[in-house]
Structure formats: structure tokens, C-alpha cells
Amino acid sequence: MSLLQGGDAGEDGAGIRCGRGASPRLNQNCITGNRALGRDARGGGIACLDGANPVIANNRIEGNEATEGGGIYVGKRRGWASSPAIAANMIVRNVARGGGGGVAVAFGSEPHLVENIIAWNLARGGGGGLLVQRSTPRIAENVVWANVD
């Protein structure tokens with residue numbers, strides 16, 4: 001398992017940023033302690049932007065912080081919405097100053113969220129575990145538990 005820790009960015013994706021159609025496979029990583037805290041920064045752990053469609057599977061995404069999407073943010077800045085596959089992850093103890101402590105999905109994105117554990121996340125602007133805005137994600141067989149907003 002790879003450790004991606006301590007990223008500090010004033011913009012999107014302090015841990016990992018996938019943009020402009022990128023589609024990597026992010027598997028069996030520990031993504032922790034990353035901070036994307038600029039005025040409009042998104043995705044403390046992972047940001048999927050502008051047509052990025054990675055496979056995010058079997059990761060531990062923990063203790064990250066962002067303005068939106070403390071653990072994972074799926075959306076766009078310019079260009080196309082993103083549609084990653086997000087499966088079998090532990091998305092825990094992340095914080096969003098705005099919305100989506102665990103996961104935030106916005107701007108017409110269509111991610112597939114399957115068999116994740118989304119727990120103990122905090123969002124000060126709503127959606128402690130999961131925030132969906134103007135999007136149509138596929139959500140199946142997740143445990144969303146003990147999140148706070």
C-alpha cells in the first residue's frame with residue numbers, strides 16, 4: 001500500500017488531482033493528512049475534474065481537509081463533468097469547510113459509488129458524508145454512517 005500524505009495546496013487536489021480526461025487506476029493507497037484550503041479549493045484527498053474518469057478502489061482516504069469535498073471531490077472547473085468509479089474505499093474522518101465532508105459530487109458529474117464505507121466525516125456546509133449537487137451519481141451498497149454536518 002502506497003502512502004500519500006501531507007499535501008498542502010491552495011487549490012484542488014492536495015493529495016491527488018486528476019484532470020482533463022485523466023483516467024488512472026488508484027488502487028490500495030492510504031491518502032491521509034492532505035489539505036486543500038484555498039478560498040475555493042476542492043478535494044483534500046482526491047479531486048476529479050474536467051472529464052477525469054479514474055478508478056478509485058480499495059483505498060483508505062482519511063483525515064483530509066478541503067473547502068469542498070474533504071475526502072473526494074468530483075466535478076469540474078472548466079470543461080466536462082467527471083465520472084469516476086469509486087469502489088470499496090474507506091472514506092473516514094475527513095473535513096469540509098463547505099459541503100461534502102466525505103465525498104462531494106457536483107456540476108453534472110456521474111460517478112459510480114459502490115461498496116464504500118463513508119463514516120465519521122464532517123462538513124460545515126451540509127452533506128457530512130455525501131453531498132450531491134446538480135448531478136446524477138449511481139450509488140449502491142455503501143455504508144454511510146455517523147457523519148456530521
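If you read the sequence from its start, that first residue is 1, and numbering goes on from there. All values reported here derive from a predicted model rather than from experimental measurement.
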Notebook entry, point to check: Is there a donor-acceptor contact under 3.5 Å from the side chain of S23 to the main chain of P54?
Noted result: no
Notebook entry, point to check: How far apart are the closest heavy atoms of A36 and G13, and which atoms are they?
Noted result: CB-N, 4.4 Å
Margin query: Please determine whether residues I16 and I86 belong to a single hydrophobic cluster, defined as Ile, Leu, Val, Met, Phe, Trp and Tyr linked transitively by side-chain heavy-atom distances below 4.5 Å.
Written below: yes
Check: Judged by atom type as modelled, is there a donor-acceptor pair below 3.5 Å linking the side chain of N142 to the main-chain atoms of I118?
Finding: no
Checklist line | Exam field: side chain D149 to backbone G127, donor-acceptor pair closer than 3.5 Å | finding: yes
Next item on the list: Determine, using the 4.5 Å side-chain heavy-atom cutoff (strictly less than), whether I56 and L130 are members of one ILVMFWY cluster.
Entry: yes
Margin query: Give me the atom names and distance for the closest heavy-atom approach of Y73 to G43.
Written below: CB-N, 3.5 Å
Checklist line | Euclidean distance, E11 CD relative to L37 CG, rounded to 0.5 Å | finding: 12.5 Å
Next item on the list: Please report the shortest heavy-atom distance between A52 and C18, naming the atom on each side.
Entry: CB-O, 3.3 Å
Checklist line | Contact check, side chains of T32 and R60, non-hydrogen atoms, under 4.5 Å | finding: no
Item checked: Side-chain donor/acceptor of N64 to backbone N/O of N34, under 3.5 Å -> yes
Note to self: Between R39 and T67, is there a side-chain heavy-atom distance shorter than 4.5 Å?
What the structure shows: no
Item checked: Heavy-atom closest pair, residues G69 and A66 -> O-CB, 3.7 Å
Item checked: Spacing of E141 atom CD and E115 atom CD [to the nearest 0.5 Å] -> 5.0 Å
Notebook entry, point to check: Is the backbone of R78 close enough, under 3.5 Å, to the side chain of D50 for a donor and an acceptor to pair up by distance?
Noted result: yes
Note to self: Under 4.5 Å between side-chain heavy atoms, counting indirect links through other Ile/Leu/Val/Met/Phe/Trp/Tyr residues: same cluster for I91 and W145 or not?
What the structure shows: no
Notebook entry, point to check: Do you know which two heavy atoms are closest between A104 and G100, and how far apart they sit?
Noted result: CB-CA, 4.1 Å
Notebook entry, point to check: Looking only at atom types and distance, does a side-chain atom of N58 sit under 3.5 Å from a main-chain N or O of Q28, one as donor and one as acceptor?
Noted result: no
Notebook entry, point to check: Do K76 and L49 have side-chain heavy atoms sitting under 4.5 Å apart?
Noted result: no
Next item on the list: Report yes if some heavy atom in the side chain of R124 is under 4.5 Å from a heavy atom in the side chain of V95; otherwise report no.
Entry: yes
Note to self: Is any side-chain heavy atom of I139 closer than 4.5 Å to one of V144?
What the structure shows: no
Next item on the list: Taking all non-hydrogen atoms of both residues into account, name the closest pair between S82 and C48 and its distance.
Entry: OG-O, 3.4 Å
Margin query: Between N89 and N59 (side chain of the first, backbone of the second, donor and acceptor by atom type, cut-off under 3.5 Å), is there such a pair?
Written below: yes
Check: Can you check whether G51's main-chain N or O pairs, donor with acceptor, with N53's side chain at less than 3.5 Å?
Finding: yes
Next item on the list: Look at atom CZ of R77 and say whether more than 12 heavy atoms of other residues, nucleotides or ligands are closer to it than 6.0 Å.
Entry: yes
Checklist line | Joint cluster assignment, L131 & I46, ILVMFWY side-chain distance < 4.5 Å | finding: no
Check: Between N94 and E65, is there a donor-acceptor pair closer than 3.5 Å when you use the side chain of the first and the backbone of the second?
Finding: no
Checklist line | Hydrophobic cluster membership, L4 vs V103, 4.5 Å side-chain cutoff | finding: yes
